[in-house]
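A short worksheet on the structure shown next.
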Amino acid sequence: MDDPVAAACTLPEPELRRRGRDWKAVIDEALVEKASLPGGVRLTFRPEQSVVHDLVGLVHAERDCCGWASWTLTSTAEAAVLAVTAEGEGAETVRSLFGVA
């Protein structure tokens with residue numbers, strides 16, 4: 001398998017490109033830190049209401065199409081934290097998706 005992210009994704013190509021742009025926008029705007037977790041990644045964002053709103057929408061969409069991964073979003077006054085984990089090869093797919101080694 002040449003591209004594990006593409007192989008794991010079931011979205012049609014136009015939707016996949018749009019979703020990628022949406023993730024890139026929120027990451028470019030508000031990502032503070034990204035780290036590897038056992039089985040996946042943790043992404044920490046600034047806690048602004050607009051960022052949390054965008055993340056809630058993205059997480060909801062990802063849960064629909066990428067049910068093989070667990071998407072957990074928590075938000076406090078200090079940060080919005082997204083943990084994405086998966087079993088087996090899914091963990092590497094998640095890390096690849098978010099550029100975490």
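As the structure is a prediction and not an experimental result, all values here were calculated from the model.
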Q: Using the ring-ring contact (aromatic ring centres under 6.0 Å, His included) rule, collect all pairs that involve residues 76-101, keeping only residues at least two apart or in two chains.
A: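 Qualifying pairs, neighbours excluded: Trp23-Phe98.
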Return the minimal non-hydrogen interatomic distance between [X] and [Y], and the atom names on each side.
| X | Y | result |
| --- | --- | --- |
| Ala35 | Val100 | C-CG1, 3.7 Å |
| Ala91 | Gly40 | CB-N, 4.2 Å |
| Cys65 | Arg19 | SG-NH1, 3.4 Å |
| Gly90 | Trp68 | O-CZ3, 3.7 Å |

Run the side-chain donor-acceptor check on residues 69-76: report pairs under 3.5 Å with partners two or more places apart or on a different chain.
| unit_1 | atom_1 | unit_2 | atom_2 | d |
| --- | --- | --- | --- | --- |
| Trp71 | NE1 | Cys66 | O | 3.3 |
| Thr76 | OG1 | Glu78 | N | 3.2 |
| Thr76 | OG1 | Glu78 | OE1 | 3.3 |
| Thr76 | OG1 | Ala79 | N | 3.3 |
| Thr76 | OG1 | Ala79 | O | 3.4 |

How long is the gap from [atom1] on [X] to [atom2] on [Y], to the nearest 0.5 Å?
| X | Y | atom1 | atom2 | result |
| --- | --- | --- | --- | --- |
| Leu82 | Phe45 | CG | CZ | 6.0 Å |
| Leu11 | Glu62 | CG | CD | 7.0 Å |
| Asp22 | Glu15 | CG | CD | 8.0 Å |
| His60 | Asp64 | NE2 | CG | 4.5 Å |

Applying the 4.5 Å side-chain criterion to the ILVMFWY set and letting contacts propagate, would [X] and [Y] be lumped into a single cluster?
| X | Y | result |
| --- | --- | --- |
| Leu58 | Val94 | yes |
| Ile27 | Val32 | no |
| Val56 | Val59 | yes |

(Q) Can you tell me if Gln49 has over 12 outside heavy atoms packed within less than 6.0 Å of its CD? (A)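 Count not over threshold, so no.
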Q. Do side-chain atoms of Arg42 reach the backbone of Ala83 as a donor and acceptor pair under 3.5 angstrom?
A. no
Q: Determine the sole option in Leu31, Leu43, Asp54 for which the side chain to side chain contact (heavy atoms under 4.5 Å, CB included) test with Val26 is passed.
A: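 Going through Leu31, Leu43, Asp54 one by one, the side chain to side chain contact (heavy atoms under 4.5 Å, CB included) with Val26 is satisfied by Asp54 alone.
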**Q.** Residue pairs, two or more places apart or on separate chains, that pass salt bridge (charged side-chain N to carboxylate O under 4.0 Å, His left out) and touch residues 27-37
**A.** Lys24-Asp28
